[in-house]
Amino acid sequence: DIIDVKNFFGVHEQIYVFFGHSIHRWAMLSSQCGSGSNITLRRWCPTRWSSRYNCFIALRYRFVDVLNSFVPDAAYMLSIAVTDAASMLS
């Protein structure tokens with residue numbers, strides 16, 4: 001279904017932007033994937049089919065690594081949110 005494909009590339013772009021806009025998060029993702037890996041998340045180009053294929057392969061083989069990278073970052077972001085909320089209340 002074309003909507004599923006469109007949603008997949010939209011989610012992929014959101015994951016890439018989430019990790020790509022923070023050096024800390026990108027380093028966590030890179031440490032999860034290992035140094036010898038040549039399969040990494042990359043921004044996809046809508047006009048190149050090979051780019052779309054590489055996006056699919058990257059998430060297929062690195063999905064667990066991406067999920068594991070979210071876990072430590074979630075705790076870090078929660079601590080920042082709690083600190084910000086506490087400072088707003090005082």
Side-chain angles (χ1 to χ4, degrees):
D1 190 39
I2 192 72
I3 295 174
D4 293 336
V5 172
K6 183 178 176 182
N7 288 340
F8 169 79
F9 287 111
V11 168
H12 177 274
E13 184 70 16
Q14 289 174 347
I15 291 171
Y16 179 82
V17 167
F18 177 77
F19 285 107
H21 283 144
S22 169
I23 295 170
H24 172 71
R25 285 181 274 202
W26 194 263
M28 285 192 334
L29 178 62
S30 296
S31 70
Q32 288 290 327
C33 292
S35 61
S37 173
N38 61 354
I39 300 174
T40 61
L41 289 179
R42 292 192 175 104
R43 181 162 271 164
W44 66 282
C45 175
T47 58
R48 297 196 57 188
W49 285 101
S50 61
S51 170
R52 293 176 190 218
Y53 174 77
N54 291 336
C55 290
F56 173 76
I57 292 299
L59 279 182
R60 178 178 177 212
Y61 288 110
R62 296 295 175 200
F63 185 71
V64 173
D65 297 330
V66 169
L67 290 180
N68 288 337
S69 296
F70 278 123
V71 173
D73 199 47
Y76 171 73
M77 291 180 73
L78 180 62
S79 69
I80 289 175
V82 167
T83 304
D84 289 347
S87 68
M88 287 178 169
L89 291 175
S90 57

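- Taking the six-membered ring where tryptophan is involved, the planes of His12 and Phe8 are tilted, since the angle between them lies from 30° to 60°.
- Note that the CG atom of Asn54 and the CG atom of Leu59 stand 11.5 Å from one another [nearest 0.5 Å].
- Distance CG/Asn7 to CD/Gln14: 9.5 Å, rounded to 0.5 Å.
- Heavy-atom neighbours of Phe9 CZ from other residues, nucleotides or ligands within 6.0 Å: above the threshold of 12.
- Hydrophobic clustering keeps Val17 apart from Phe56 (ILVMFWY residues linked when any side-chain heavy atoms are closer than 4.5 Å, directly or through intermediates).
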